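Quick notes on the structure that follows.
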Amino acid sequence: MCQVDEDGVDLLAAGDGSEKSLADRVCVKCGEQAVIHLRDEDVKCGKCLVASVNQKFRAVLTKFQLSRSKQTILVAFSGGQVSCALLEAVREATTIPNFSRLYSVLYIEEGICDGLTEEACQKKIRNIVGKCRYIFPEVPVLVSSLEMVFAEDSIPLSYIFPANSTDTAPLTGLTEFGARFKKLLASTKSPTAREELRKLLRNNLFRRIGHQQGLKTLFVGDCADRLAVQLITDTALGRGKHLPLELGYADTRDPDFTIVRPFKDVTMKEILMYNSLRLNENIGCKRAPHGNSTRSLSRVVLVLIVFGCERAPLEGTMLIVLFDGVLSCFFGGSHAEEPSSAKKMNSVYSFTETFINSLQKDFTQTVTTLCRTGDKLCATSTGQPPAKHSIEKSSGKLCSFCCGPMDTSEEDACTAENSIALSLRLSAALPNKTVKASVDLEDFASSKHSECGSANGDCAKANGEGCCTSKERKTPEKLLCYSCRWMLSEVGDQGLLPERLMQVNSQQVRRAEMRTSIQNFLLDDDV
Amino acid sequence: MPFLCKRCSRKAILKRPKTGDTLCKECFFELFELEIHETIICAKLFKPGLKVAVGASGGKDSTVLAHVMKVLNEKYHYGIHLTLLSVDEGITGYRDDSLETVKRNEQQYELPLKIVSYKDLYGWSMDDIVKQIGLKNNCTFCGVFRRQALDRGATMTAVDMILTGHNADDIAETVLMNLLRGDIARLSRCTAIITGAEGSLPRAKPLKYAYEKEIVMYAYFKKLDYFSTECVYSPNAYRGYARTFLKDLESIRPRCIIDIIHSGENFAIKSSVKMAAQGSCSRCGFISSQEVCKACILLDGLNRGLPRLTTGKMKKAHRSFAQNNKQENGEVTSPAD
Amino acid sequence: MPPRDIRVEFAGGVELLFDNQKQLDIPISKFHDPSHPAKENLTYTVRDLLQLLKDRYLKQRLELFLQGDNVKPGILVVINDCDWELMGGPDYELEPGDRVVFISTLHGG
């Protein structure tokens with residue numbers, strides 16, 4: 001087929017078309033020498049860039065009425081670029097009277113997923129706490145470890161480094177949970193499913209720590225570039241319906257614990273520049289000479305040495321060169337918790353990240369366009385009270401595993417979901433294997449529902465001869481969304497999953513469902 | 001150790017990308033056809049007596065579609081009247097060869113064939129257009145003209161519906177493309193099995209859940225006669241990125257293709273997002289979201305010898321078109337307009 | 001009886017990369033690496049075939065046929081009328097008389 005749309009949509013323009021050196025340009029706001037080229041005519045000086053990042057951060061606080069309240073807010077911190085910028089913006093905001101409030105940093109050590117030893121993990125934790133202290137010494141740091149997802153609620157899920165201190169007693173019981181965690185990861189069949197599982201477990205642990213600490217809000221360092229990758233990844237994993245939760249300013253699937261993304265509209269380039277301007281002073285930023293001498297460096301405007309990503313300890317630094325405000329050394333930056341590494345190159349996320357980064361290089365509008373697309377798909381992105389819009393009013397059903405809205409279709413609808421269910425049903429073994437019997441459509445239609453419990457795919461036969469799949473199931477499929485059904489089928493031994501997980505989720509799902517059903521009887525206050 | 005067919009335990013010849021199941025040749029043929037049949041029944045595409053044209057390019061998808069439609073219509077008594085409909089863009093060394101394939105299909109499947117050409121419809125063949133405007137934007141012309149050409153050909157032969165050979169991979173790719181360029185209106189309709197608003201012919205995609213791999217394997221094992229050469233004019237580079245990415249994803253997780261379609265079917269589009277209303281072109285009456293359809297604008301540019309303008313910003317092109325019309329009507333326009 | 005050749009066929013547009021040849025018969029002896037003396041019972045895999053096609057036969061645009069040392073995603077490989085995914089993929093050990101078909105899914109529609 002010809003690769004052109006019949007609609008003849010114009011191609012995206014390649015490049016910015018701005019070959020003019022930044023050295024000759026001035027900030028659109030104040031007329032100072034520009035240091036960063038964002039898009040089109042948007043060039044800024046350092047001061048205005050920092051101001052605009054801080055302003056975007058505070059706008060989100062205002063939007064969610066979070067600027068002044070007694071509640072402490074958790075700030076997820078991975079040690080990556082975006083985390084560092086987020087923490088700096090938080091610190092900055094606390095100095096402003098209208099935004100002064102309390103924060104705690106939350107770090108979850110996930111070294112177990114990368115095969116790090118306990119000792120290496122402890123070293124990493126000390127590094128991360130050090131970084132935190134460097135940016136914002138007055139904040140307490142909660143530290144947990146991903147394997148704590150197996151722990152009972154009766155024991156502390158995290159330990160605390162009080163403000164200004166770097167001493168504490170580490171968590172106990174990690175080794176025992178660690179073995180189980182490793183088994184669970186090993187039983188999971190694909191890197192993509194492992195990554196998805198890890199993300200779900202991390203979110204679960206976030207929530208439980210929040211509940212344990214009596215806190216209701218978590219800030220995460222998702223920036224525009226990362227959300228653009230997330231948009232495509234979620235789409236590729238069949239999570240199209242979950243995009244409002246995954247990409248919006250707030251993820252409200254847990255009514256008692258909201259995940260907020262204050263940097264949703266900030267690009268990676270802004271973050272890196274922000275960090276270099278805000279955080280470099282004490283760690284030795286080397287600035288290439290400005291003005292005329294930049295010409296001899298052939299369009300290199302700034303050479304910045306800024307914080308390394310989490311795998312690089314404080315003393316090891318990362319070199320970033322900006323050519324006219326275009327980052328040319330840009331490695332693994334957008335995925336702060338999990339820097340890309342060769343062994344991760346086989347997951348949908350890492351393929352997508354590579355794809356988006358390479359597109360962004362050739363078509364500089366890629367990330368911003370994707371984020372705009374995401375906004376149009378996100379019912380929650382306009383800052384309206386989120387919960388009401390994020391949960392389907394009509395059905396109100398939520399997935400027991402990820403707590404996202406259910407996306408299963410009517411049993412006789414012509415949908416992708418039913419087409420895959422049909423393929424699975426049709427390729428099930430014929431009753432008499434030796435005789436080639438062609439499928440009679442009448443038989444097929446009549447057997448459709450008797451053989452299989454429902455078209456949702458939860459098979460009535462549990463003896464391994466089931467018509468959908470032969471695997472033993474712990475969770476009835478009809479309680480799971482389309483994507484989680486696939487993910488759990490990739491977990492070889494579902495008995496290894498945390499028992500508490502489903503229990504906590506189902507409680508939460510019930511609460512949320514109850515609330516939605518009540519909402520149907522209430523008048524909308526914003527109508 | 002040979003793999004066995006999951007259904008009947010004969011020697012398997014194919015691993016299905018959609019489910020990972022292994023199938024023998026007979027079971028594969030049977031299921032491939034049956035699933036397309038189920039799609040047709042589920043979506044209630046046909047009524048007996050319907051006149052249906054298969055848009056035939058001579059390539060793998062439309063050849064497999066024509067073959068399978070012929071088989072299913074006879075097997076399941078749809079009672080529809082099938083024809084083949086081809087568009088001759090007038091590209092020497094590409095379309096003339098592929099049309100030969102379509103003509104052979106006409107014989108092989110005993111289906112009447114209608115060919116409509118750009119030259120007849122618009123007065124310009126693609127070769128003429130390229131001579132005039134060069135290789136840079138010719139694909140825009142070709143794409144815009146083709147959509148109308150199929151409809152016009154269908155109207156000439158008085159059919160009720162057009163079938164196109166878009167497969168699951170094509171649809172997944174289109175979902176990605178529409179995400180990448182932020183086209184919400186197209187995103188919301190690109191996964192529909194039937195498209196075409198009032199006033200235009202319905203178009204359906206019976207292969208929308210069929211994987212490209214299975215289509216090619218079906219054509220290979222059935223020894224179908226199809227044509228496979230890239231158009232001699234330049235392909236769309238941007239779409240190429242999306243295609244390569246999709247194939248890479250498929251290589252690690254074949255389910256991705258159907259999962260992307262599932263996502264596309266479930267996107268929640270914010271109600272406040274404005275969608276362009278579909279109307280009809282004031283000049284040719286063809287469906288258009290603008291006052292004048294894109295084909296008329298492009299054609300106008302060609303005929304006035306200003307094609308470069310028309311492939312740039314459409315807004316500018318519309319303005320230029322309007323201005324030109326006013327001048328023709330004797331109105332005075334300010335040069336600053 | 002002397003060992004027969006490996007038959008390689010190109011379809012779906014792959015032939016364009018091989019000078020429009022639709023079919024090649026490659027004697028098994030061609031697989032021998034001249035820098036290493038031929039050993040007894042040496043086996044050759046499809047991976048070796050890909051290398052050989054790349055070194056000796058591929059006429060243009062390597063990146064349209066190979067990605068890394070594997071076939072570019074989107075090109076189907078059929079060995080003796082069977083999907084190569086069922087035959088061990090690139091690790092399949094070739095036998096004289098085998099027929100390997102490369103079909104592109106990327107062209108035409």
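Labels below follow one simple rule: chain letters A, B, ... track the order of the sequence lines, proteins then strands, and each chain is numbered from 1. All values reported here derive from a predicted model rather than from experimental measurement. Excluded from the calculations below are hydrogen atoms, water molecules and symmetry mates; all remaining heavy atoms, backbone and side chain alike, are included.
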Seminar exercise, completed: Interatomic distance, CG@A/Leu424 vs NZ@B/Lys6, rounded to 0.5 Å, equals 6.5 Å
Problem set entry | Contacting moiety of A/Ser419, where chain B heavy atoms sit under 4.5 Å | both
Seminar exercise, completed: Turns out that what part of A/Ile420 lies under 4.5 Å from chain B's heavy atoms comes down to both
Exercise. Is there side-chain contact between A/Ser347 and B/Ile252, with heavy atoms separated by less than 4.5 Å?
Worked result: no
Exercise. Which value, rounded to the nearest 0.5 Å, describes the distance between B/Glu38 atom CD and A/Arg425 atom CZ?
Worked result: 8.0 Å
For this session: Answer yes if the side chains of B/Asn266 and A/Tyr482 hold a donor-acceptor pair under 3.5 Å, and no otherwise.
Result: no
Exercise. Does B/Glu265 reach the main-chain N or O of A/Thr415 with its side chain, forming a donor-acceptor pair under 3.5 Å?
Worked result: no
Exercise. In terms of heavy-atom contacts, does NZ of B/Lys15 have more than 12 from other residues, nucleotides or ligands at under 6.0 Å?
Worked result: no
For this session: Step by step, work out the side-chain contact (heavy atoms from CB on, under 4.5 Å) result for A/Ser423 and B/Leu31.
Result: CA-CA 8 Å; A/Ser423 298; B/Leu31 294 200; over 6 Å; no
Exercise. Side chains of B/Tyr241 and A/Asp362: does their closest heavy-atom pair fall under 4.5 Å?
Worked result: yes
For this session: Check the angle between the aromatic planes of B/Phe245 and A/Phe355 and answer parallel, tilted or perpendicular using the 30° and 60° thresholds.
Result: parallel
For this session: Please name the pair of heavy atoms, one in A/Thr235 and one in B/Ser263, separated by the smallest distance, quoted to 0.1 Å.
Result: O-OG, 2.8 Å
Seminar exercise, completed: Here the gap from B/Ser251 atom OG to A/Phe351 atom CZ, rounded to the nearest 0.5 Å, amounts to 5.0 Å
Seminar exercise, completed: CD1 (B/Ile41) and CG (A/Asp412) are apart, to the nearest 0.5 Å, by 12.5 Å
For this session: Nearest 0.5 Å please: distance from the CD atom of B/Glu35 over to the OG atom of A/Ser427.
Result: 8.0 Å
For this session: Count the heavy-atom pairs under 4.5 Å between each of A/Ala416, A/Ser190, A/Ser358, A/Cys371 and chain B, then report the option with the highest count.
Result: A/Ala416
Problem set entry | Contacting moiety of B/Leu187, where chain A heavy atoms sit under 4.5 Å | side chain
Problem set entry | B/Leu249 portion near chain A, given a 4.5 angstrom heavy-atom threshold | both
Seminar exercise, completed: Heavy atoms of B/Arg181 and A/Thr369 approach each other most closely as C-CG2, 3.6 Å
Exercise. What pair of heavy atoms forms the shortest contact from A/Ala236 to B/Ile260, and how long is it?
Worked result: CA-CG1, 3.5 Å
Exercise. Atom CD1 of A/Ile232 and atom CG of B/Leu176: how far apart are they, to the nearest 0.5 Å?
Worked result: 5.5 Å
Problem set entry | Options B/Asp21, B/Leu179, B/Thr19, ranked by heavy-atom pairs under 4.5 Å with chain A, top entry | B/Leu179
For this session: Check whether A/Arg239 gets within reach of chain B through its side chain, its backbone, both or neither, counting any heavy atom under 4.5 Å.
Result: backbone
Problem set entry | A/Ala228 versus chain B, the contacting section by heavy-atom distance below 4.5 Å | neither
Exercise. Chain A heavy atoms under 4.5 Å from B/Ile193: which part of the residue, side chain, backbone, both or neither?
Worked result: side chain
For this session: With a 4.5 angstrom heavy-atom cut-off, could you sort out which part of A/Ser483 is near chain B: side chain, backbone, both or neither?
Result: neither
Exercise. Within a strict 4.5 Å, meaning less than it, do heavy atoms of the B/Arg253 and A/Leu237 side chains meet?
Worked result: yes
